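The structure appears below as structure tokens.
Just so it is clear, the structure is predicted and the values come from calculations on it, not from any experiment. Note on naming: letters A, B, ... go to the chains in the order of the sequence lines (proteins, then strands), and numbering restarts at 1 for each one. Worth knowing before you read on, the calculation uses all heavy atoms, side chains too, and leaves out hydrogens, waters and symmetry mates.
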Amino acid sequence: MQNVRITTLEFVITVIFVHFPVIASAQADFEGIWNPQHPPRMGQPPPDEVRLTPAGQAEYDNHSADTDRTLRCLMPGIPLGLVDPYPLEIVQQDHQVLFLYEHFHQVRRIFTDGRKAPDHWLPSLIGYSTGHWDGDTLVVRTTHMSPDNNMWTAGFPFSGDENTYVIERYTRDGDMLTFRGEVHDPTYYEEPYVVNGRWSFAPEGEIWEYECIPEFGGIL
Amino acid sequence: MSVFLNSVAFYEREGSNVLKSPKFVLPLAALAFFVGVPVTAHHSGSTYFDLDAEIVHNNVTVVSYNLVNPHGRLVFTFTDADGNETEWGGELASANNMHRRGLGGEIFQPGDKLASVTGSPSRSGSNFMRLTRAVFENGDVAQVTGRNAGVTRAGAE
């Protein structure tokens with residue numbers, strides 16, 4: 001029988017991976033409840049800096065208050081819900097990171113096990129998200145988003161066609177979680193639509209129910 | 001603190017359906033978690049309201065107060081410049097955010113007299129505004145929007 005010599009370092013690494021798989025695979029701890037601390041304009045770019053294509057401009061010119069789906073009690077999804085004004089709970093598992101939003105009880109599954117969207121995956125409001133760690137930054141790519149959505153409630157449209165995708169980067173600095181989102185929609189935008197958001201860690205935070213009544217969403 | 005929406009009672013009154021909030025007031029201590037939290041909204045208010053304009057209605061009477069999502073609503077009447085009783089609606093923050101700002105519970109009751117309500121007018125020209133502030137007859141202030149959202153008691157600094 002061969003004598004197996006295990007160095008001290010190999011032993012320590014083995015213990016870590018066996019007993020603390022989450023720590024071993026995740027590069028940062030995002031778990032917990034986070035309260036919105038977003039920049040002005042809800043992290044949206046200044047409207048006069050948004051460069052629309054002719055098709056995008058035509059959509060923008062035709063927007064009305066009715067295009068805000070959240071006023072009709074329909075969940076914002078992605079990209080509309082990228083910067084959200086309600087608390088968020090993050091749960092990290094071996095194969096995915098869960099974003100549990102108070103707003104409309106939205107659930108985002110960000111698969112971190114290397115999988116790709118199945119061929120049969122249909123477009124949806126929440127899309128299909130995969131993620132990986134770049135150092136201590138979680139990088140999320142979302143595709144398969146529904147065209148029945150907007151970029152932002154100020155009337156900026158979203159095509160949701162097969163060329164659209166979103167890249168988000170989340171980084172924790174102490175009790176602040178910052179993120180930058182780039183929405184790639186070349187049909188409507190000359191360049192990526194960039195949003196920025198911030199969340200503050202809330203150990204005593206609470207996720208409440210968000211019941212919604214459409215009759216109270218409209219403008220009288 | 002209980003999840004208030006689980007205990008919301010819905011009832012019908014003569015001539016109208018009114019969603020009634022539960023009878024409790026968010027303890028001020030709970031607001032500590034949200035002191036200094038910038039007040040944000042998902043909707044781009046400028047799409048629906050002229051945020052550069054401000055209107056004030058004085059000596060108003062509360063008709064109804066609905067604390068719901070996506071927006072609470074305060075309906076009130078006042079006597080306009082022509083001596084006519086006029087009814088207006090004021091859009092409030094969502095029920096969830098109103099509670100977090102200490103503006104939940106039954107802060108407004110039908111029949112309450114308010115010294116004034118302030119807000120931004122609707123772009124549609126209707127009798128509707130984005131209500132930002134209400135002043136009670138005793139001087140208390142309910143600030144609905146902004147960094148100082150919440151209730152300020154009369155005489156407090």
Side-chain angles (χ1 to χ4, degrees), chain A residues 33 35-44 47 60 63-76 80-87 101-105 150-156 197-200 202-220, chain B residues 1-8 10 16-19 29-30 32-49 64-75 87-97 99-100 104 121-130 147:
Chain A
I33 293 177
N35 283 331
Q37 295 276 344
H38 303 310
R41 287 192 312 277
M42 278 287 285
Q44 307 295 312
Y60 178 83
H63 89 273
S64 67
D66 292 341
T67 58
D68 185 346
R69 58 187 299 105
T70 63
L71 290 181
R72 290 177 279 135
C73 293
L74 301 174
M75 75 177 202
L80 183 59
L82 278 174
V83 186
D84 197 89
Y86 295 91
Y101 297 86
E102 175 175 294
H103 205 196
F104 291 96
H105 319 122
N150 302 100
M151 187 73 77
W152 185 237
T153 57
F156 290 113
R198 287 195 304 262
W199 304 86
S200 63
E204 306 295 326
E206 297 174 337
I207 301 293
W208 295 351
E209 179 176 296
Y210 188 90
E211 184 185 21
C212 191
I213 303 177
E215 288 75 15
F216 289 88
I219 305 300
L220 295 181
Chain B
M1 174 181 173
S2 64
V3 180
F4 71 94
L5 282 171
N6 286 336
S7 59
V8 168
F10 180 83
S16 69
N17 294 329
V18 177
L19 192 70
F33 300 132
F34 297 95
V35 170
V37 173
V39 171
T40 54
H42 195 255
H43 319 299
S44 179
S46 61
T47 301
Y48 321 113
F49 301 100
S64 64
Y65 173 50
N66 292 296
L67 192 62
V68 300
N69 296 317
H71 286 294
R73 185 175 297 165
L74 183 73
V75 179
E87 184 173 283
W88 270 63
E91 179 185 275
L92 302 166
S94 68
N96 288 36
N97 279 339
H99 275 276
R100 287 195 164 102
S122 167
R123 291 188 184 278
S124 69
S126 63
N127 289 3
F128 198 64
M129 60 196 282
R130 183 192 196 204
R147 283 188 171 271

Heavy-atom closest contact ([X] atom, [Y] atom, distance):
X        : Y        : answer
A:Cys212 : B:Pro70  : SG-CD, 3.3 Å
A:Phe216 : B:Arg73  : CA-NH2, 3.6 Å
B:Asn96  : A:Trp208 : O-CZ3, 3.4 Å

**Q.** Residues that A:Tyr60 engages under ring-ring contact (aromatic ring centres under 6.0 Å, His included), provided they are two or more places apart
**A.**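 A:His63, A:Phe156.
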Q | Derivation and outcome, side chain to side chain contact (heavy atoms under 4.5 Å, CB included), residues B:His71 and A:Leu71 | A | CA-CA 8 Å; B:His71 286 294; A:Leu71 290 181; 3.6 Å; yes
(Q) As an exercise, state the distance from CZ of B:Arg100 to CD of A:Glu102, rounded to the nearest 0.5 Å. (A)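 Going from CZ on B:Arg100 over to CD on A:Glu102, the span is 4.0 Å.
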